[in-house]
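Remarks on the structure that follows.
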Amino acid sequence: VALCERLSVKSFPKEARKHQAYLAAEVARCAQEGAAISRTLRHKRDGGQRSTLSSEQLMSAHPEGAVILAPSGYGKSTLARQLLRQACEGSLSRRETLLPFLIPLPALERGDGSLLKFMQQRLSAHSPGVTSNMLRDNLRDFGGVVVCDSFDRIPAASRMEVQSEL
């Protein structure tokens with residue numbers, strides 16, 4: 001039995017629970033920015049229909065992802081931090097098992113694998129031993145919550161590279 005337990009394949013949702021320090025640190029980092037108020041978002045559905053949605057409902061209404069477009073100063077970065085905090089709190093309370101990340105896109109080093117490298121460095125600061133390969137495989141198998149910010153601040157020449165990596 002002991003040998004079987006050591007050989008058993010661990011699932012990332014079970015492993016994600018080991019990342020409590022990372023999740024708590026991300027919640028604390030988001031909290032430093034101050035409280036965010038709920039926003040009403042307008043969105044366009046397939047077929048061109050427009051409707052509204054609360055910012056707290058965004059991730060559950062669009063689990064496959066969403067792109068937020070708005071002029072500068074409309075609160076996109078604040079919304080990104082709010083979404084990260086919501087995802088972290090969901091993981092901490094075990095409502096969700098997806099591991100969340102907030103990626104400030106201009107901070108990435110250009111080059112092969114910079115997005116994954118950034119996420120691995122952020123996670124391994126609190127969960128030593130997590131490799132890029134381990135994180136990549138687990139994200140591929142189980143998914144994650146990746147909130148990217150400041151795409152408009154990336155030089156135009158680098159945007160295709162970032163888009164393909166996303």
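In this structure, OG on Ser72 lies 6.5 Å from CZ on Arg153, to the nearest 0.5 angstrom. Atoms SG and CG, on Cys30 and Leu84 in that order, are 4.0 Å from each other to the nearest 0.5 Å. The structure places CE of Met119 at 10.0 Å from OG of Ser114, a figure rounded to the nearest 0.5 Å. With rounding to the nearest 0.5 Å, the separation of CZ in Arg136 from CG in Leu115 is 13.0 Å. Taking CG of Leu69 as the start and CZ of Phe151 as the end, the distance is 10.5 Å to the nearest 0.5 Å. Note that the NZ atom of Lys117 and the CG atom of Leu108 stand 10.5 Å from one another [nearest 0.5 Å].
At a threshold of 4.5 Å between side-chain heavy atoms, the hydrophobic network of Ile, Leu, Val, Met, Phe, Trp and Tyr places Leu166 and Ile103 in one connected group.
Around CD of Gln49, the count of heavy atoms belonging to other residues, nucleotides or ligands within 6.0 Å does not exceed 12.
Arg122 and Leu102 make their closest contact through NH1-O, 4.0 Å (heavy atoms, listed as atom of the first residue, atom of the second, distance). The two residues Leu116 and Ser132 come nearest to each other via the heavy atoms CD2-O, 3.6 Å. The shortest heavy-atom contact between Ser55 and Gln86 is O-OE1, 4.0 Å. In terms of heavy-atom proximity, Asp149 sits nearest to Ser77 at OD2-OG, 2.7 Å.
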Are Ser38 and Ser54 close enough, and set up right, to give a side-chain hydrogen bond (donor to acceptor under 3.5 Å, both in side chains), and what steps lead you there?
-> CA-CA 7 Å; Ser38 178; Ser54 166; 3.2 Å; yes
Does the side-chain contact (heavy atoms from CB on, under 4.5 Å) test come out yes or no for Glu161 and Ile154, once each step is laid out?
-> CA-CA 10 Å; Glu161 180 183 343; Ile154 298 172; over 6 Å; no
Can you check side-chain contact (heavy atoms from CB on, under 4.5 Å) on Leu99 and Phe142, steps first, answer last?
-> CA-CA 9 Å; Leu99 201 53; Phe142 303 106; over 6 Å; no
Derivation of the side-chain contact (heavy atoms from CB on, under 4.5 Å) call for Val162 and Ser164 = CA-CA 5 Å; Val162 171; Ser164 65; over 6 Å; no
side-chain contact (heavy atoms from CB on, under 4.5 Å) between Arg81 and Val147, intermediate numbers included | CA-CA 8 Å; Arg81 287 187 300 275; Val147 180; over 6 Å; no
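Inspection of the Thr131 and Gln120 side chains reveals no N or O donor paired with an N or O acceptor under 3.5 Å.
Within the 4.5 Å cutoff, the side chain of Phe101 has heavy atoms near those of the Leu135 side chain. Side-chain contact check for His62 versus Glu64: some heavy-atom pair is nearer than 4.5 Å. Side-chain contact between Cys148 and Val146 is present, with at least one heavy-atom pair separated by less than 4.5 Å.
Distance alone, capped at 3.5 Å, is enough to place a donor-acceptor pair between the Arg159 side chain and the Asp152 backbone. Without hydrogens or angle criteria, Glu26 side chain to Arg85 main chain gives no donor-acceptor distance under 3.5 Å. Remark: side-chain polar atoms of Lys76 are paired, donor with acceptor, to backbone N or O of Ala70 under 3.5 angstrom.
Each of Pro100, Ser127, Ser93 was compared with Leu23 under the side chain to side chain contact (heavy atoms under 4.5 Å, CB included) criterion, and only Pro100 meets it.
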